[in-house]
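So that the names make sense, note that chain A is the first sequence line, chain B the second, and so on, each numbered from 1.
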Number of protein chains: 2
Amino acid sequence: MYLKKIPDEHDCGISVALKIVGGKWKAWIINCISKGMIRPSQLHRELTVTSPRVINIHLRELEKYGIIDKIVHPGLPLKVEYFLTETGKSVLPIIDIMERWGDNHRQPVNEPDN
Amino acid sequence: MYLKKIPDEHDCGISVALKIVGGKWKAWIINCISKGMIRPSQLHRELTVTSPRVINIHLRELEKYGIIDKIVHPGLPLKVEYFLTETGKSVLPIIDIMERWGDNHRQPVNEPDN
DNA sequence: CCGTATCCAAGGTGATACTG
DNA sequence: CAGTATCACCTTGGATACGG
């Protein structure tokens with residue numbers, strides 16, 4: 001997302017927001033967690049097109065930014081559960097409006113894909 | 001933005017929306033045009049941190065997706081004016097909500113930038 | 001003034017194999 | 001089950017110079 005070197009005068013809120021929803025699967029992951037798919041294995045099953053590594057990178061970043069947090073249950077097999085923080089929940093309206101807009105404008109945007 | 005090879009079952013509205021606001025300067029450009037900075041030279045002056053080439057790439061893409069359109073005035077020196085289409089205007093609320101969210105959550109997101 | 005071509009650096013993503 | 005390391009690839013962004 002090439003957003004790290006933006007000088008201060010252009011580091012607007014959009015840059016900040018894009019750090020959260022800008023990744024290829026970040027918004028998708030946030031949506032899944034908000035819907036109760038809180039275990040990594042569930043995410044992997046839903047997102048078979050991607051490797052666990054990429055999902056984990058996104059999870060680490062969302063964690064770092066305070067969007068999600070996790071509970072590690074002791075014992076074997078391992079059990080980890082992610083959940084949205086309050087900050088994370090505040091992102092849902094953004095994802096929602098983006099999703100609705102995209103669904104309503106799929107034609108003009110997706111068709112010229114040459 | 002690596003959004004081109006997303007399989008259909010995951011090609012949700014978010015992917016579509018990110019094609020519009022996902023680029024490093026796309027949302028910024030849309031904002032500028034909506035505020036009346038409609039000539040390329042104005043955009044270049046506002047965005048001196050970037051080369052004209054990058055701005056033009058974004059403009060071409062926004063044009064391709066029907067977000068902006070342009071009027072080419074004949075004569076020399078050349079004069080071009082961009083404007084938002086109706087579709088483009090419908091993007092403004094998304095940019096607005098992202099910008100506000102980002103401004104309100106700058107701390108937790110920006111600080112862990114290690 | 002406007003736009004593009006070329007070359008290049010860097011970041012994001014993907015496949016696999018591996019450890020605890 | 002959960003997570004990481006290494007590899008290679010593709011996309012994006014950036015600097016410069018040039019043509020309409």
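Summarising the geometry, the separation between NZ on A:Lys26 and P on C:dT13 is reported as 7 Å, rounded to the nearest angstrom. Taking atom CH2 of residue A:Trp28 and atom C1' of nucleotide C:dT13, one finds them 16 Å apart after rounding to whole Å. Distance, A:Ile55 CD1 to D:dA2 P: 11 Å, rounded to whole Å. Atom NE2 in A:His73 sits roughly 13 Å away from atom C1' in D:dC1 (whole-Å rounding). For B:Ile57 and C:dG3, the CD1 to C1' distance is 11 Å, given to the nearest whole Å. Nucleotide D:dT4 holds its P atom 11 Å from the NE2 atom of A:His44, rounded to whole Å. Atom pair A:Leu47:CG and D:dA2:P shows a separation of 15 Å (rounding to whole Å applied). Between the CG atom of A:Leu59 and the C1' atom of D:dA2 there is a distance of 11 Å, rounded to whole Å.
Within the nucleic acid shown, B:Ser41 comes within 4.0 Å of sugar-phosphate atoms alone, with no base atom in reach, counting heavy atoms only. Within the nucleic acid shown, B:Val54 comes within 4.0 Å of at least one base atom, counting heavy atoms only. Counting non-hydrogen atoms under 4.0 angstrom, B:His58 reaches the backbone sugars and phosphates but no base.
A:Phe83 and A:Met37 are assigned to two separate hydrophobic clusters, defined by single-linkage of ILVMFWY side chains at heavy-atom distances under 4.5 Å.
The CD1 atom of A:Ile67 sits 8.5 Å away from the CG atom of A:Leu84 when rounded to the nearest 0.5 Å.
The base of D:dT4 is not paired with the side chain of A:Arg60 by any donor and acceptor separated by under 3.5 Å.
The side chain of A:Ser51 sits closest to C:dG14 out of D:dA2, C:dC2, C:dG14.
Side chains of B:Asp103 and A:Val16 form no contact here, defined as non-hydrogen atoms less than 4.5 Å apart.
A salt bridge is defined here as a Lys NZ or Arg NE, NH1 or NH2 lying under 4.0 Å from an Asp or Glu carboxylate O, and B:Lys26 with B:Glu61 meets this definition.
By the 30° and 60° cut-offs, the orientation of the rings of A:Trp28 relative to A:Trp25 is perpendicular.
The side chain of B:Tyr82 places an N or O atom within less than 4.0 Å of a non-bridging phosphate oxygen (OP1 or OP2) of C:dG3.
Looking at which nucleotide of DNA chain D each of A:Arg53 and A:Lys70 is closest to, the 5′-most match is held by A:Lys70.
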